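Okay, so here's the structure we're looking at.
All residue numbers refer to positions in the sequence shown, counting from 1. Keep in mind that what you see is a predicted model, and the values were worked out from it rather than measured.
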Amino acid sequence: MNVVVRTLEVLSLIAEAQEGYSLTQVSEKLGYPLPTTHRILALLMKEEFVRRDPTTLQYFSGRRLQRMAALARRDTLASTARVNLQALSEQFNETVLMTQLIDGRAVCVALSETRRPLHLSVAVGQAVPLHAAASARVLYSELPEAEVAVLLEQLTFVKHAPGTPANVTEVIARLKNIREYGYDVCDNEFDLDVWAAAAPIHNSTGAVVAGLALTTPQERSRPQDLRDRIIRAVVTTAEEITLAIGGTPTRLGSTSIAPS
C-alpha cells in the first residue's frame, strides 16, 4: 500500500479517537506492521499532527490536526448559518455577523451586511476585541472564571469608546448577565455610536461554539422597544442555528430582557 495512503489512514484513525490509541492498537486496527506504524506516527508527531501522552504513551490529535478540524467546523457552521444571518439582517435591515473563538481570538467568520450607512470595524477573518464586543464576550461567557482570566490576561484593555469595559472585573460582570439572560449588548464600546446585541450558539454538548450579533448605529436602535425586539430576534436566531447544527438550545424561546 502507498505510504501516503497509510499515513492518511493513521491520521484519520487518530482524528476519530475519543480516548487515544497506543502504538499496538493503531497497528492492529489498521493491519500494519509495528515498525511501519511507528515510523508513520513518529513522522506525524514531528510535524505536530499527532501527539503522544508521556504517561500513557497513547496518541491523540496534535496541534495542526486540531487546527484543520477547527477550520473545517468553522466553514461548515458558517455555511449552515448563512440563511439565518441573511434573514435576520433583512428583518431589521441591519448588519449581522457570526464570530468564533479561534486561537484565543474572537474572529468574524460570517457577515450579512446592510446597505444602510454603518461604520463597523470588522470584516470576515478579522478579530474583534475580547473585552469590547458583545459578539466576543458571548463566546467565552460559559467558561469558568479561571479560564476567562487566563484568556483575558493577554489583553491590553484599550479604551476604544466611552462604553468600553476597563478591566477584567467589568467583563466578568457582563458574563454573569449573559448566563442569566442569554444575551449581551454593547453600546458605544468598540465602534463609536454603534449598538449591538449578541447571543451564543451551542453544539450538541451544550458548549458555546459561536456567537451571533446584530449591529446598528445607536440612533437606529431606539426606542427601547426596538432594542428589545432585536434582542429577542437575535436569541431566537441563535437557537435556530443551534438546532440546525444538532446543538442543544439553553432557552428554547424564553428570553427575559435585562433591566436597562
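A 4.5 Å side-chain heavy-atom check between Leu30 and Thr37 finds every atom pair outside the cut-off. Between Tyr183 and Val234, the closest side-chain pair of non-hydrogen atoms is not below 4.5 Å. Counting heavy atoms from C-beta on, the side chains of Arg137 and Cys186 come closer than 4.5 Å. Ser135 is listed as a side-chain neighbour of Leu97, based on a closest heavy-atom distance under 4.5 Å. You'll find the side chain of Val235 stays beyond 4.5 Å of the side chain of Tyr181, heavy atoms only. Between Thr216 and Val194 the shortest side-chain heavy-atom distance does not fall below 4.5 Å. Two residues are said to be in side-chain contact when any heavy atoms from C-beta on lie closer than 4.5 Å; Ile245 and Val209 meet this criterion.
Side chain of Ser204 to backbone of Gly247: no donor-acceptor contact under 3.5 angstrom is found. The main-chain N or O of Gln58 is never found under 3.5 Å from a side-chain atom of Asp53 such that the two would form a donor-acceptor pair. A donor-acceptor pair is defined here as one N or O able to donate and one able to accept, closer than 3.5 Å; no such pair exists between the side chain of Glu145 and the backbone of Ile172. Checking side-chain atoms of Ser12 against main-chain N and O of Leu8 turns up a donor-acceptor pair under 3.5 Å. The backbone N or O of Phe60 lies less than 3.5 Å from no partner atom in the side chain of Arg52, so there is not a single donor-acceptor pair. A donor-acceptor pair under 3.5 Å is absent between the side-chain atoms of Thr236 and the main chain of Ala233, judged by distance alone. Formation of a donor-acceptor pair under 3.5 Å by the Ser89 side chain with backbone atoms of Val96 is not found in this model. Side-chain atoms of Glu147 never come within 3.5 Å of backbone atoms of Pro144 as a donor-acceptor pair (strictly under, hydrogens ignored). Without hydrogens or angle criteria, Tyr140 side chain to Leu130 main chain gives a donor-acceptor distance under 3.5 Å. For the pair Thr114 (side chain) and Asn93 (backbone), a donor-acceptor distance under 3.5 Å is present.
Evaluation of the side chain to side chain donor-acceptor pair (under 3.5 Å) rule for Arg229 yields no partner, not counting sequence neighbours. For Glu28, there are no side chain to side chain donor-acceptor pair (under 3.5 Å) partners, not counting sequence neighbours. The ring-ring contact (aromatic ring centres under 6.0 Å, His included) check on Phe92 picks up nothing, with sequence neighbours excluded. Under the side chain to side chain donor-acceptor pair (under 3.5 Å) criterion, His202 pairs with Glu142, not counting sequence neighbours.
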Under the criterion side chain to side chain contact (heavy atoms under 4.5 Å, CB included), I'd like the reasoning laid out for Val122 against Asp191: C-alpha separation, chi angles, the key distance, then a yes or no. CA-CA 10 Å; Val122 66; Asp191 288 307; 5.8 Å; no
Full working for side chain to side chain contact (heavy atoms under 4.5 Å, CB included) between Glu94 and Thr215: CA-CA 7 Å; Glu94 298 294 356; Thr215 62; over 6 Å; no
Checking Asn177 against Asp184 for the side chain to side chain contact (heavy atoms under 4.5 Å, CB included) test, could you report, in this order, the C-alpha distance in whole Å, the side-chain angles of both residues, the deciding distance, and whether it holds? CA-CA 7 Å; Asn177 279 338; Asp184 190 19; 5.8 Å; no
Side chain to side chain contact (heavy atoms under 4.5 Å, CB included) between Ile102 and Val109, intermediate numbers included: CA-CA 10 Å; Ile102 301 173; Val109 297; 4.3 Å; yes
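With hydrophobic clusters built from ILVMFWY side chains whose heavy atoms lie under 4.5 angstrom apart, Leu226 shares a cluster with Leu88. Cluster annotation: Trp195 and Leu192 are assigned to distinct hydrophobic clusters (Ile/Leu/Val/Met/Phe/Trp/Tyr, side-chain heavy-atom contacts under 4.5 Å, transitive). Put simply, Val148 and Leu155 are part of the same group of oily side chains (I, L, V, M, F, W, Y) that touch within less than 4.5 Å, one to the next.
With values rounded to the nearest 0.5 angstrom, Leu11 atom CG is found 10.0 Å from Glu16 atom CD. Remark: Ser27 OG to Leu34 CG distance equals 4.0 Å, nearest 0.5 Å. Rounding to the nearest 0.5 angstrom, the gap separating the CG atom in Leu243 from the CD1 atom in Ile201 is 11.0 Å. Atom CG of residue Asn188 and atom CD of residue Gln218 lie 4.5 Å apart, to the nearest 0.5 angstrom. In this structure, the separation between CD1 on Ile14 and CD on Gln25 is 9.5 Å, given to the nearest 0.5 Å. Taking CD1 from Ile230 and CZ from Arg220, the interatomic distance works out to 10.0 Å, rounded to the nearest 0.5 Å.
We find that Arg227 and Asp187 are joined by a salt bridge, their nearest charged nitrogen and carboxylate oxygen being less than 4.0 Å apart. Salt bridge Glu189/Arg174: present, at least one basic N to carboxylate O contact under 4.0 Å.
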All N/O donor-acceptor pairs, side-chain side in residues 40-49, below 3.5 Å, sequence neighbours left out:
{"residue": "Glu47", "atom": "OE1", "partner": "Arg64", "partner atom": "NH1", "Å": "3.4"}
{"residue": "Glu48", "atom": "OE1", "partner": "Arg63", "partner atom": "NE", "Å": "3.2"}
{"residue": "Glu48", "atom": "OE1", "partner": "Arg63", "partner atom": "NH2", "Å": "2.6"}

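Seen from the ring of Tyr32, Arg6 counts as a face-on cation partner, given the 6.0 Å and 45° thresholds.
Thr99 approaches Cys108 most closely through the heavy-atom pair CG2-CA, 4.1 Å. The shortest non-hydrogen separation linking Val128 to Ala136 is CG2-CB, 3.9 Å. Scanning both residues, Pro165 and Ala132, for their nearest heavy atoms gives CD-CA, 4.3 Å. Ile241 approaches Leu85 most closely through the heavy-atom pair CD1-CD1, 4.0 Å. Minimum heavy-atom separation, Ala123 to Leu111: CA-CD2, 4.4 Å. Of all heavy-atom pairs between Gly182 and Pro200, the closest is O-CD, 3.5 Å.
Applying the side-chain hydrogen bond (donor to acceptor under 3.5 Å, both in side chains) rule to pairs touching residues 160-171 yields nothing, sequence neighbours excluded.
A donor and an acceptor atom, one from each side chain of Asn84 and Thr237, are nowhere located under 3.5 Å apart.
Other residues, nucleotides and ligands contribute over 12 non-hydrogen atoms within 6.0 Å of the NZ atom of Lys159.
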